[in-house]
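Here is the naming used below: chain letters follow the sequence lines, and residue numbers restart at 1 for every chain.
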Amino acid sequence: MIAKEVKIESPDKKFLRHPEIEDFASDNVYSQSIQPPANWESIMEGIRSMRLSEHAPVDSIDPDEGVTSLQPKERRFAVLVGSLLSSQTKGHVTHEANQRLLENGLLSADTMDRADEATIKSLIYPVGFYTRKAQHLKQVAKVCVSKYDGDIPSTVDDLLLLPGVGPKIAHLVMIMAWNKVEGICVDTHVHRVSNRLGWVSRPGSKQGTRSPEETRVSLQQWLPREEWVSINLLLVGFGQTICTPLRPRCAKCTIREFCPSAFKEISTPASTSKTRRPKKELG
DNA sequence: GTCCTGACGG
DNA sequence: CCGTCTGGAC
């Protein structure tokens with residue numbers, strides 16, 4: 001039988017479409033409950049145009065490099081490991097660490113389980129929080145071996161039971177490893193940009209969301225499921241280049257006329273806690 | 001001083 | 001809700 005034709009596109013513009021995703025569930029009822037924000041489709045198109053014209057760091061990373069040759073079980077484990085390494089770490093650093101694990105044959109639950117923790121630690125350096133992540137990787141590998149026959153959990157709830165796996169990673173792994181869209185992968189960029197655009201709010205309130213989880217739930221109430229995958233790379237790259245955490249480049253932004261935060265020095269949810277002054281001047 | 005595609009314990 | 005975990009880049 002003839003499979004769907006997958007067009008070969010510029011490898012760094014994968015965010016444009018995700019032909020490999022099959023699971024667009026029919027239970028679309030929740031999408032109707034909340035009125036979508038005005039002009040959201042025009043805004044998405046504007047962001048897409050900006051993403052095509054300006055290169056973002058996230059575009060130069062191919063998470064599949066080297067792991068497509070692995071068996072399905074190992075490929076899924078590699079996706080999980082790469083996602084675990086990614087928190088608070090730049091993309092290319094994460095990618096290089098994952099490649100070192102691959103070269104040393106550690107991208108399988110079985111070998112990772114038996115590997116020395118100090119070895120893992122040295123191989124993943126200098127990703128952020130490498131000491132904790134080396135511990136988490138060993139624990140995760142052991143669970144995968146003992147409970148999943150070397151595979152990884154296949155549901156969000158079971159993924160969340162793994163140490164070091166939170167909502168952002170769980171939803172990313174469901175998409176990248178299992179080709180299932182259970183929810184939007186909301187990271188710091190999606191969280192910040194969504195709030196600046198006024199796309200999300202706390203339940204029964206006009207105020208913005210205070211956590212990525214609140215952002216995920218709020219976004220999913222109006223954004224059509226077809227966009228749940230593409231929204232991530234779209235807003236991540238946009239957040240890396242134009243809608244940056246500090247000093248967003250509103251002058252270069254083509255959707256500023258739609259943005260309630262344009263040219264305002266807003267305190268974003270992501271930066272509020274970190275910008276807080278560690279010491280008070282008491283006079 | 002702040003960011004980096006977060007998660008966890010207090 | 002808050003601090004903490006890592007260290008390099010800017």
Check every strand shown and say whether [X] touches a base, only sugar-phosphate, or nothing at a heavy-atom separation below 4.0 Å.
X	result
A:Pro163	sugar-phosphate
A:Leu162	sugar-phosphate
A:Gly239	nothing
A:Val190	nothing
A:Lys90	sugar-phosphate

Could you see if A:Leu161 belongs to whatever hydrophobic cluster contains A:Ile152? Use Ile, Leu, Val, Met, Phe, Trp, Tyr and a side-chain cutoff under 4.5 Å. no

Solution key, residues 116-131 of chain A side-chain donor-acceptor pairs under 3.5 Å, sequence neighbours excluded:
residue, atom, partner, partner atom, Å
A:Ser122, OG, A:Ala118, O, 3.4
A:Ser122, OG, A:Thr119, O, 2.8

Separation of [N] [atom2] from [X] [atom1] (nearest whole Å):
X	N	atom1	atom2	result
A:Ile175	B:dT5	CD1	C1'	13 Å
A:Leu85	C:dT6	CG	P	14 Å
A:Lys168	B:dA7	NZ	C1'	11 Å
A:Met174	B:dT5	CE	C1'	19 Å
A:Glu96	B:dC4	CD	P	19 Å
A:Gln139	B:dA7	CD	C1'	13 Å
A:Gln240	C:dC10	CD	C1'	15 Å

Spacing of the [atom1] atoms in [M] and [N] (rounded, Å):
N	M	atom1	answer
C:dG3	B:dC3	P	14 Å
C:dT6	B:dG9	P	14 Å
C:dG8	B:dA7	P	24 Å
B:dC4	C:dT4	C1'	16 Å

*Strand contacts (DNA chain C) in residues 124-138 of chain A, 4.0 angstrom heavy-atom criterion*: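 The stretch gives A:Tyr125, A:Gly128, A:Phe129, A:Tyr130, A:Thr131, A:Arg132 as the residues lying under 4.0 Å from the strand, ordered by number.
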
With a 4.5 Å cut-off on side-chain heavy atoms, are [Y] and [X] touching?
X	Y	value
A:Tyr148	A:Asp158	yes
A:Phe258	A:Leu197	no
A:Arg48	A:Met44	yes

TODO: Scan side-chain atoms only and decide if A:Ser108 and A:Thr111 contain a donor-acceptor pair under the 3.5 Å cut-off.
DONE: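 On atom types as modelled, these side chains qualify, holding a pair under 3.5 Å.
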
Under a 3.5 Å cutoff, is there a donor and acceptor pairing between the side chains of A:Ser218 and A:Gln221? no

Which nucleotide, B:dG6, B:dT2, B:dC4, lies nearest any side-chain atom of A:Ser87?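 Closest nucleotide among those given: B:dG6.
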
Nearest-nucleotide check on DNA chain B, A:Gly164 vs A:Leu172; residue mapping nearer the 5' end is A:Leu172

